[in-house]
Q: 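Before I ask anything, here is the structure I am working with.
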Amino acid sequence: MEESLKFALVIIFLLLNVNLLMLVLVKQVFLFGQHVKKNENISVFQLKMQCNRSFSLGNWYRKGEKGYTTAIVCNLAMYGGILWLLL
């Protein structure tokens with residue numbers, strides 16, 4: 001595997017480790033890329049004003065919120081996939 005790709009995977013793997021550690025310690029998890037713009041006629045700024053959320057990288061979910069379980073499953077799947085690629 002190319003060195004730069006391997007370095008990027010290691011950085012992503014470390015970020016996922018921190019994310020899963022936050023899940024255990026403070027019952028809060030970050031899901032990358034959760035927000036997808038569905039209506040192409042609306043700008044990101046208008047979408048942000050309607051939903052009152054940030055659409056840059058993803059969203060934090062706390063225990064008891066609607067997307068919490070989905071965020072955990074997606075993070076564990078990414079963790080396993082990157083671990084498989086690195087090994």
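The figures that follow rest on heavy atoms only: side chains count, while hydrogens, waters and symmetry mates do not.
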Q: Distance from Leu23 atom CG to Ile72 atom CD1, nearest 0.5 Å?
A: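 If I round to the nearest 0.5 Å, the distance is 4.5 Å.
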Q: If hydrophobic clusters are built from ILVMFWY residues whose side chains come within less than 4.5 Å, do Val18 and Ile11 share one?
A: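 In one cluster: no.
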Q: Hey, any chance Tyr68 and Val24 share a hydrophobic cluster, counting ILVMFWY side chains that come within less than 4.5 Å of each other, even indirectly?
A: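 Different hydrophobic clusters.
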Q: How many angstroms lie between atom CZ of Phe30 and atom SG of Cys74, to the nearest 0.5 angstrom?
A: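 The SG atom of Cys74 is 12.5 Å from CZ of Phe30, to the nearest 0.5 Å.
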Q: Do Tyr61 and Val26 sit in the same hydrophobic cluster, where Ile, Leu, Val, Met, Phe, Trp and Tyr count as joined when their side-chain heavy atoms come under 4.5 Å apart?
A: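 Result: yes, single cluster for both.
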Q: Is there a continuous path of hydrophobic side-chain contacts, each under 4.5 Å between heavy atoms, that joins Leu87 to Phe7?
A: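 Per the 4.5 Å side-chain linkage, Leu87 and Phe7 are not co-clustered.
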Q: Would a single hydrophobic cluster contain both Leu25 and Leu31, if residues Ile, Leu, Val, Met, Phe, Trp and Tyr are joined by side-chain heavy-atom contacts under 4.5 Å?
A: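 Both belong to a single hydrophobic cluster.
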Q: With side chain to side chain donor-acceptor pair (under 3.5 Å) as the rule and sequence neighbours excluded, what pairs involving residues 19-32 come up?
A: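 Passing the test, one end in residues 19-32: Asn19-Asn75.
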Q: With rounding to the nearest 0.5 Å, note down the distance linking OG1 in Thr69 to NZ in Lys63.
A: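 Reported to 0.5 Å precision, the distance equals 9.5 Å.
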Q: Sequence neighbours left out, cut at 3.5 Å: what donor-acceptor pairs do the side chains of residues 76-86 make with other protein atoms?
A:
from  : atom 1 : to    : atom 2 : distance (Å)
Tyr79 : OH     : Asn17 : OD1    : 3.2

